[in-house]
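Written out below as structure tokens is the structure these notes cover.
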Protein chains: 2
Amino acid sequence: MDDRRIPEATVARLPRYLQVLLDAAEAGTTTLSSEDLATAAGLTSAKVRKDLSFLGSHGTRGVGYRVPQLADEISVALGLTVDRPLVIVGIGNLGRALASYDGFNRRGFRVVGLLDADPAKVGTEVAGLDVESVEHLETIVAERGVGLAVIATPAPHAQSLADRLVAAGIGALLNFAPTHLVVPDPVALRTVDLSTELQILSFYEQGVTGMDAAAG
Amino acid sequence: MDDRRIPEATVARLPRYLQVLLDAAEAGTTTLSSEDLATAAGLTSAKVRKDLSFLGSHGTRGVGYRVPQLADEISVALGLTVDRPLVIVGIGNLGRALASYDGFNRRGFRVVGLLDADPAKVGTEVAGLDVESVEHLETIVAERGVGLAVIATPAPHAQSLADRLVAAGIGALLNFAPTHLVVPDPVALRTVDLSTELQILSFYEQGVTGMDAAAG
DNA sequence: CGTTGTGAAGGAGTTCACAGCA
DNA sequence: TGCTGTGAACTCCTTCACAACG
């Protein structure tokens, strides 16, 4: 039953499995049990088996999963076997860091455009690419077959840029602006808010530090 | 019943509410209904009410929530009313960006140390701070009362740094290295893997782009 | 024999719907 | 009258436990 219905929680874990499998492959390991995978990924073996069962993947009972084969299956499921050109909009501190970031130029991903609204930045070189004017966004997306965009602008500009990107035909958005974006239905959106992450940690840190000799 | 047992999912949304409330306060709004909050945060009103009920917060029936009061309550719950010195370990592209990042120097957070293992980087100035040697990690954490650390190093160094940070007394870790870290029980850990985010989007983008005139 | 694949049970989070109160 | 606060139903995810099988 190739159901194409993989639960969200499972999809979010597939990259982790892939990571472990690629590391194992590099180390020359040919087989991993669900228990091995679970240990390396910080999960339980039951969760691993259930997740992988959604891929229609078949391990071998008594043995485990064949590393290169499973890595391929996950890559295919995630769509990492095709070229995925992406643009980064907003070349501030974060945008610059992302442009040079390893993970943004691997696994099929390829940064093909850096856009900014500031004329002083346009024309400067960042990570081997010339920064271009955001005015040309629509042309760039269309001509370079861009399907994925990263928004790293200040919050006030994020929504209108998202609208333009969607209208230009983008299929997925990774948003780093600390604001809630609205996109139409088939477009995928994920927001990473660094300040939010800190605040969540702050909550859980309460009671951990600062009270030496607690429960004395 | 001030239960102190706030569900994880709720905690993860509190920063968003706070964001909306602070924006509203700045705009001079004094009252917001759960419906207003839901719209601004991209949620449902029932979820907002249930979340806020965990704070023991009381809105006013027929009216809504008082903006400044609720903002204060959330700030207190998240522990944002006390000073939270933090260090960033690993001053590469990402570490540099985070050091200058707004959200890392607000809401009680304060970057008080930038550490790196590379002698060439030590002594250089980044975002108004001198980069220090990671050898002094333990001293810095202890002397500056650091409770929170950000790891922005390559994956292979992350675990041993986490161990040292925990031993030095840190209470919470924000990890940007693409690897699974293990920390002992009371220490809070969140991992943000940018490459993982892209891969998840890649999955959901499949079928959205590239097939013009689908279901024709 | 050891490990997978999976029904069934359990738990967490969300949504519903409405009683209760300003 | 309008909006909050919340039990109850529902959905999604995780964990358990074991039969199936190489």
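Excluded from the calculations below are hydrogen atoms, water molecules and symmetry mates; all remaining heavy atoms, backbone and side chain alike, are included. Proteins get letters first, then strands, A, B, ... in listed order; numbering begins at 1 in each.
- Distance CZ (Arg66(B)) to P (dT4(D)): 15 Å, rounded to an integer number of Å.
- Here Ser45(B) lies out of heavy-atom contact (under 4.0 Å) with every strand.
- Considering only side-chain N and O atoms, His58(A) lies under 4.0 angstrom from the phosphate OP1 or OP2 of dG5(C).
- The distance from atom OH of Tyr17(B) to atom C1' of dT4(D) is 14 Å, rounded to the nearest whole Å.
- Nucleotide dC13(D) holds its P atom 13 Å from the CG atom of Leu14(A), rounded to whole Å.
- Distance from the side chain of Arg13(B) is smallest for dT14(C) among the nucleotides dT14(C), dA17(C), dC13(D).
- Legend: residues meeting ring pair (Phe, Tyr, Trp, His ring centres under 6.0 Å) with Phe104(B), ordered by chain and number and at least two apart, are Tyr101(B).
- Between the Arg16(A) side chain and the Ala41(A) main chain, a donor and an acceptor come within less than 3.5 Å of each other.
- An end-to-end axis angle of 10° holds for the helix from dC1(C)-dG22(D) to dA22(C)-dT1(D), taken from five base pairs per end and rounded to 10°.
- Set against dC16(C), dT14(C), dC13(D), the side chain of Lys47(B) has dT14(C) as its closest nucleotide.
- Thr44(A) has a side-chain polar atom (N or O) that falls below the 4.0 Å cut-off from OP1 or OP2 of dT15(D).
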Kindly give the atom pairs (protein nitrogen or oxygen, nucleotide nitrogen or oxygen) under 3.5 Å for nucleotides 19-22 of chain D.
{"residue": "dA20(D)", "atom": "N3", "partner": "Arg61(A)", "partner atom": "NH1", "Å": "2.6"}

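- Counting only N and O atoms by type, the side chains of Gln206(A) and Ser202(A) include no donor and acceptor under 3.5 Å apart.
- Note on residues 176-204 of chain A: pairs passing salt bridge (Lys or Arg N to Asp or Glu O under 4.0 Å), not counting sequence neighbours, are Arg190(A)-Glu197(B), Glu197(A)-Arg190(B).
- Between Asp51(B) atom CG and dT14(C) atom P the separation is 7 Å, expressed in whole Å.
- A distance-only check finds a donor-acceptor pair linking the side chain of Arg84(B) to the backbone of Gly79(B) [under 3.5 Å].
- In this structure a side-chain-to-backbone donor-acceptor pair under 3.5 Å is missing from Asp116(A) to Gly90(A).
- DNA chain D lies under 4.0 Å from no heavy atom of any residue of residues 26-38 of chain A.
- Atom CG in Leu52(B) sits about 13 Å away from atom P in dT14(C), given to the nearest Å.
- Out of dG5(C), dT14(D), dG5(D), the shortest distance to the side chain of Tyr65(B) is found at dG5(D).
- There is no side-chain donor-acceptor pair under 3.5 Å between Thr39(B) and Asp36(B).
- By the 4.5 Å heavy-atom criterion applied to side chains, Tyr17(B) and Arg13(B) are counted as neighbours.
- For Arg49(A), counting side-chain heavy atoms from C-beta on, the closest listed nucleotide (dC13(D), dC18(D), dC16(C)) is dC18(D).
- For Asp102(A) and Arg106(A), the salt-bridge test passes: some basic side-chain N is under 4.0 Å from an acidic carboxylate O.
- In this entry the distance linking CG of Leu43(B) with P of dG13(C) reads 15 Å, nearest Å.
- A donor and an acceptor atom sit less than 3.5 Å apart, one in the side chain of Lys50(B) and one in the base of dT15(C).
- A donor-acceptor pair shorter than 3.5 Å cannot be found between the side chains of Asp72(A) and Ser75(A).
- Scanning for salt bridge (Lys or Arg N to Asp or Glu O under 4.0 Å) contacts around Arg66(A) gives an empty result, with sequence neighbours left out.
- Note that CG of Leu114(A) is 5.5 Å distant from CD1 of Ile88(A), once rounded to the nearest 0.5 Å.
- For the pair Glu8(A) CD and dT14(C) P, the computed distance is 11 Å after rounding to whole Å.
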